[in-house]
Amino acid sequence: MMPSLTLPSLIITLSLLSGCSGPQSILNPAGPSALAVSRLWWGMFGFSVAVLLAVMALWIYAMRRNPRSLTEAQADRINRNWIIGGGLVLPIVGIVALLSFGIPMGYRMLPLPVAGQQALRIDVIGHQWWWEVRYPDTDIVLINELHLPAGTPVDIHVTSSDVIHSFWVPRLAGKLDMVPGRTNVLRIEADAPGQFLGKCAEFCGVGHAHMMLEIEVHTPEDFESWLETYEYE
Amino acid sequence: MWPRETLLYHPMQLAFGLAIWILWFIVKYGALALFCEQAPPPIEQGAFTWINAALMVGSVAVTALLLFWANNCWRAARSGNNDADSEINAFIAVLGAGINLLGAVVTLSQGLMSLLLPPCL
Amino acid sequence: MNTNNETRKAEAALHDEFLKVWGNPRGWRALTIVNHTTVGIRFMITGGIFFLIGGLLAMLMRTQLALPEQEIIEPKLYDQLFTMHGTVMMFLFAVPVLEGLAMYLIPKMIGARDLVFPRLSAFGYWCYLFGSLILMSSLVLGIAPAAGWFMYTPLTNDVYSPGPNVDFWLLGVTFIEISAVSAGIELTVSILRTRTSGMALLHMPLFCWYILIMALMIVFGFPPLILGSILLELERAAGMPFFDVARGGDPILWQHLFWLFGHPEVYIIFLPAAGIVSTLLPVFSRQPIVGYRWIVLAIISTGFISFGLWVHHMFTIGIPQLAQAFFSMASMLVAIPTGIQLFAWLATLWTGRPVYHVPMLWLVGFLFIFMIGGLTGVMLALVPFNWQVHDTHFVVAHLHYVMVGGMLFPLIAGLYYWLPHFSGRMPSDKLARWGFWMTFVGFNTTFLVMHLTGLLGMPRRVYTYPAGLGWELPNSVSSMGGFIMAMGISMVLLDIVLHFRFGRPAGANPWQADTLEWATDTPPQPYNFISLPDCPMRHPMWDSPDLQATIADGRHGLSEIDHGRRETWGSDPVSGAIREIIHLPGNSWLPFFSALALSGLCISLLIRTYSMALIAVIASLVLLLRWSWKNGAFLEADSDSAAKSGYPQLHSRTFDGPGLWGMVVTLLADGALFLSILFGWLYLRIVAPNWQAPETVPLAWQPLLISGVLLTIATFWHHFIVRRLREGRDDHLQGQLWSIAVVGLVHCGVLIWTWSASSLLATQTAHDAVISVILMYQLFHSGLAVIMTALQAMRVAYGYVDKGAPYEIAVVKPWWLYTTAVYWLSFLTVILLPIAWRSA
Ligand code: HEM
Ligand SMILES: [Cu+2]
Ligand SMILES: [Cu+2]
């Protein structure tokens, strides 16, 4: 058992320590949605490793151990305990725990009305293989770049002009598909100004691998002035 | 009409509980889509809409039905009438109890979701 | 000593006589073989070859991804590679191999001599082989499908995928699915109706439960995809807009139809593999499986629940979160049956006295890998997490942990376990261990880090990636691991090849197993058992260790062969009590040529030569009719049905023989297809963004009503005939059957007339396209009902069918009923519902 596990686990720990910080990494969140998911991941990861190790250990121990001879009744009781404990209690506890985090979290990611504030709306339209970004109420149309204000909830209205694409900025929020004929709304928010990468996440043909989106997050003031200067150009 | 006993020992019990669940699921999913298309409630109501209420009531009713059946099967399995088929009868009735119970668990736990989330968002 | 010799001589003589009836021909006539042992092995070997091809494609992909910004493989080819890898692994490897194993084992485990529809097994194999060859030829020609194994529209419609690439997938895979569904039907009926005397449901080996549920899942799960493929092909070839938003279709409908199939598919693959685990573990633990009933409960509930999860593949398409939560919940609840099985296995080890052999190694590997796959599966079922990692390499890692852990490892464990059964020899220990460790280490090196690659944001289905995103190291590690795994697999193969020459002879029941398949010879004879034992118990080989000898002696049931028929028991589905003797058909060219004709159809549709397609359709129809002609009381099955006093009748003398069961299970699959059509109809009506329905229903309802009444009359009439046959009356049988056929024909005529007089424009709106499909479906069923009834009328004339042999007429009855039910249901949803809708 041992030699096989050490190598991959060594690699995974090493790379986890060094590599979570990639520019497109889910584990390097820069917005509330992504932050919630990355915390969720670490929680689930810990729980899963514990379950995995415990079950593996039990299994291997069960194979090695020398069972004392049992009466049928004793064996039945042991067996039933295993099945009920592991087959019913363990999954049910796990599921309840998971959902009690997951459901409220999903709820908070919805494009709900924001108190006292109108969420900024931006339209993004997918094409084979580029992004068209529009700011309603202005004439601004951008290609493959998206400008956002920091600290403000933004509703991205996504759709597609041809095949299905998927809008995804891993460091800010989860992905949402861009389906022709439909408009889906993704709520995203960036904590601070900076540059981020977006990537089409639904296979859309030969150009899929290169369908990237550059995101520039400004402070709200800079964003306002960007809007204005851009419109005059 | 079949005597109740035979029904509880019928191999149909191996599928009944979960088949009811599937049917209810289809109805529920379809109704949700239909309602949200025809008359979506305002977002501000959150999870407290008549759609959620209807789904919850339906789920509870189906759950109750399945629990009732599970209980019947369980008792039929225990009662052990002494004909030649009793072993196979008990086998089917016990499994039937399990399937009905599981159907109830799945129905209820899915139903509970409609207490938590807005219907059409 | 002397008596011993004599029994041996008698045994050999009996064997020779059995072989005269059951033997397999050699040379080119081997194409006629229908025996389940041969067909099962053919399935497994062919599937194994496709596994190697799929693996090769994977290695090419891993080479390309090993370093960033490589240009070894251009995107056009890479897209074909991952599409074909996924398609080959799922459709050409996983399902057929497991089906093959089931076909090989099931009759032996339930004490039968063959599967219940042997010609169907052979037909399934040829469909699979020809379909796979057609599909693979596209790769050789460089025009393979390139849109991912789930073929999402609109990327796959004729605008964004012109050329035949997608057609190869749609037609080839549908062809292969016909094979899967026929195997599903056959396995279901075999398990339910051909168990040996006294093997009640509660005595069945667990493997049979797993296969039964798998087979039923195929029966219900494949039709949605078959329908989807037909619709998409109609959209591509005939311009009928089911998935085109502008004309009232919806691409999301494809996703629903695909995943309605796709998720159950995963469990169709997992269940037999789990069945292998549940079979092997008790043998190596030296005690019966713990919690038999718990496991049966888990199997059945897995089967059901897996039909309520499909939307978890569609969490990012923007459906309401409440609806997603239903599916999220259901997905997580599958952990319960899986947990029950895992811990039942653990308990079996815990209270048993395990011994170690190579298969056990693969089982431990299975546990580790599958647990990881299951745990990441629960994570993926959580909606917010899914939104982040969906369609990234995290999912690629997850699906390989599930597929390789939940299918490949148990499969190899099973292969090692049943190897002595296939060949009569034992595998080597040393090479086998090396093979395992290389595969295990290689697999985990490839895919464990791939979770991280995904979390670092690498999407799936990209042919290359830029440097500097932190993906270089994990990708190189994955590629290295891939090659280690490939070496491991080659060692396993080498071991298996070598063992045929160098393996030491296995002897009888080498693992001291408990199930009946070890009571055959190793390797087995085509007839499996000379005599069929009573088996009212779960562990026949443990309870009566001399079973193999007494079976070979002919001391149990049905050991007569002088009548020259292939026979096996037909028994009660619940109690296993004997009901009839099933007379099985022998070797035949029909399956081969029917499959050949169908592949002709497939190819002519592919190159869009419709005149050739018509010829192929007629050829297939003629062959299939010839097939049902040679059935039941045809020629060889003469009237001396009760060979020995106390034996039941031949099945052709009964009313609910296996054919009826086959028909009913077929109709279940057919019903699933029809429900998928209705689902599509209602779905488009409710959610398609540009649904366009005309003001008035485009079909005249009066002639439809007349046509329906005619159909109903025909059905009742047929019903009435069967009732009279049951009462032992067959006067005017032939005339009545002809009259029914004529009434059915008039019904079809009225329907066709109504259609042609209607204003339906199938290429203009999805509304009209779906109605046209429903009409086609109806006409297909009505037409077939007419043909089958006419065929039976002719068989009455030849004397193959009468009150003494009423079998086939009873088989046709459910078809009429089904056709009528479909008719009125369609009438309700297409004509009445919209009227009600509009007035509401
Ligand atoms: C021999 C070891 C294997 C390796 C190295 C391997 C590698 C890969 C790679 C690189 C991909 C493409 C991922 C992407 O870009 O999305 C892939 C996809 C896939 N693999 Fe494998 N694979 C292996 C075995 C298997 C097995 C045994 C199965 C199933 C039984 C399987 C089923 C799939 C499926 C269904 C896909 C998805 C295809 C798609 O995206 O359309 N693979 N695999
Ligand atoms: Cu894309
Ligand atoms: Cu799934």
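As a basis for the values below, the full set of heavy atoms in this structure was taken, side chains included, without hydrogen atoms, waters or symmetry mates. Protein chains get the first letters and strands the later ones, always in sequence-line order, with residue 1 at the start of each.
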Classify the ring geometry of A:Trp130 against A:His127: parallel below 30°, tilted from 30° to 60°, perpendicular beyond 60°. parallel
Heavy-atom cut-off 4.5 Å, strictly under: side chain, backbone, both or neither for A:Val206 against chain C? both
Among A:Ala173, A:Gly85, A:Ser166, residue most engaged with chain C (heavy-atom pairs, under 4.5 Å): A:Ala173
Under a 4.5 Å cutoff for heavy-atom pairs, which residue among A:Ile83, A:Leu99, A:Asn184, A:Val185 has the most contacts with chain C? A:Ile83
Whatever's closer than 4.5 Å to a heavy atom in chain C on A:Trp168 counts as side chain
Considering only heavy atoms and a distance below 4.5 Å, find which of A:Gly86, A:Ala201, A:Ala209 pairs most often with chain C. A:Gly86
Name the member of C:Pro251, C:Ala381, C:Ala147 that forms the most heavy-atom pairs with chain A at distances under 4.5 Å. C:Ala147
On a heavy-atom basis, the closest approach of C:Ala766 and C:Pro241 is CB-O, 3.2 Å
So which of A:Val55, A:Asn81, A:Asp76, A:Asn28 has the largest heavy-atom pair count under 4.5 angstrom toward chain C? A:Val55
Stepwise ring-ring contact (aromatic ring centres under 6.0 Å, His included) check, A:His208 with C:Tyr463: CA-CA 9 Å; A:His208 170 63; C:Tyr463 79 102; 10.0 Å; no
Heavy-atom pair count under 4.5 Å with chain A, highest-scoring of C:Asp391, C:Thr464, C:Thr392: C:Asp391
Name the option with the most non-hydrogen atom pairs under 4.5 Å to chain A; the candidates are C:Val383, C:Thr153, C:Val355, C:Ile336. C:Ile336
Can you tell which of C:Gly454, C:Gly339, C:Gly291 has the highest number of heavy-atom pairs within less than 4.5 Å of chain A? C:Gly339
For A:Leu40, which atoms come within 4.5 Å of any heavy atom of chain C: side chain, backbone, both, or neither? side chain
Using a distance-only test with no angle check, is there a side-chain donor-acceptor pair under 3.5 angstrom linking C:Gln64 and C:Gln70? no
Give, as side chain, backbone, both or neither, the part of A:Met212 having an atom under 4.5 angstrom from any heavy atom of chain C. side chain
Counting only heavy atoms closer than 4.5 Å, note whether C:Asp250 contacts chain A via side chain, backbone, both or neither. side chain
Interchain contact, C:Thr338 with chain A, by part (heavy-atom threshold 4.5 Å): neither
Please classify the contact between C:Leu322 and chain A as side chain, backbone, both or neither, with a heavy-atom cut-off of under 4.5 Å. neither
Considering residues at least two apart in sequence or located in another chain, which fulfil the salt bridge (Lys or Arg N to Asp or Glu O under 4.0 Å) criterion with A:Asp162? none
Name each donor-acceptor pair under 3.5 Å that joins a side chain in residues 343-354 of chain C to protein atoms two or more places apart or in another chain, with its distance.
unit_1   : atom_1 : unit_2   : atom_2 : d
C:Trp345 : NE1    : C:Ser278 : OG     : 2.8
C:Thr348 : OG1    : C:Val290 : N      : 3.2
C:Thr348 : OG1    : C:Ala344 : O      : 2.6
C:Thr351 : OG1    : A:Asn79  : OD1    : 3.3
C:Thr351 : OG1    : C:Gln287 : NE2    : 2.8
C:Thr351 : OG1    : C:Ala347 : O      : 3.0
C:Arg353 : NH2    : A:Pro67  : O      : 3.4

More than 12 heavy atoms of other residues, nucleotides or ligands under 6.0 Å from CZ of C:Arg286: yes or no? yes
Closest non-hydrogen atoms of A:Pro23 and A:Arg171, given as atom of the first, atom of the second and distance, are O-CD, 3.3 Å
Would you mind telling me which of A:Lys199, A:Glu202, A:Met109 has the largest number of heavy-atom pairs within less than 4.5 Å of chain C? A:Glu202
Atom CZ of residue position A:Arg65 - does it have more than 12 heavy atoms of other residues, nucleotides or ligands inside 6.0 Å? yes
If you count heavy-atom pairs under 4.5 Å with chain A, which of C:Leu382, C:Val389, C:Val159 comes out on top? C:Leu382
What part of C:Val334 gets closer than 4.5 Å to chain A, counting heavy atoms only: side chain, backbone, both or neither? neither
From CE (C:Met450) to CG (C:Leu455), nearest 0.5 Å: 12.5 Å
Compare all side-chain heavy atoms of C:Met379 with those of C:Asn386 and state whether any distance is below 4.5 angstrom. no
Which one wins on heavy-atom pair count under 4.5 Å against chain C: A:Ile78, A:Leu110, A:Leu90? A:Leu110
Is C:Tyr356 in contact with chain A via its backbone, its side chain, both, or neither, using a 4.5 Å heavy-atom distance? side chain
Looking at the rings of C:Phe366 and C:Phe440, which for Trp means the six-membered one, are their centres under 6.0 Å apart? no
Which portion of C:Gln80 sits near chain A, non-hydrogen atoms under 4.5 angstrom: neither
Please determine whether the number of non-hydrogen atoms from other residues, nucleotides or ligands lying under 6.0 Å from atom CD of A:Glu214 exceeds 12. no
Heaviest contributor of heavy-atom pairs below 4.5 Å to chain A, chosen from C:Ile317, C:Val378, C:Leu333, is C:Ile317
Would you mind telling me which of C:Tyr152, C:Phe82, C:Phe150, C:Tyr160 makes a ring pair (Phe, Tyr, Trp, His ring centres under 6.0 Å) with A:Phe203? C:Phe82
Less than 4.5 Å to any heavy atom of chain A: does that hold for the side chain of C:Pro466, its backbone, both, or neither? side chain
At a 4.5 Å cut-off on heavy atoms, which part of C:Phe284 comes close to chain A: side chain, backbone, both, or neither? neither
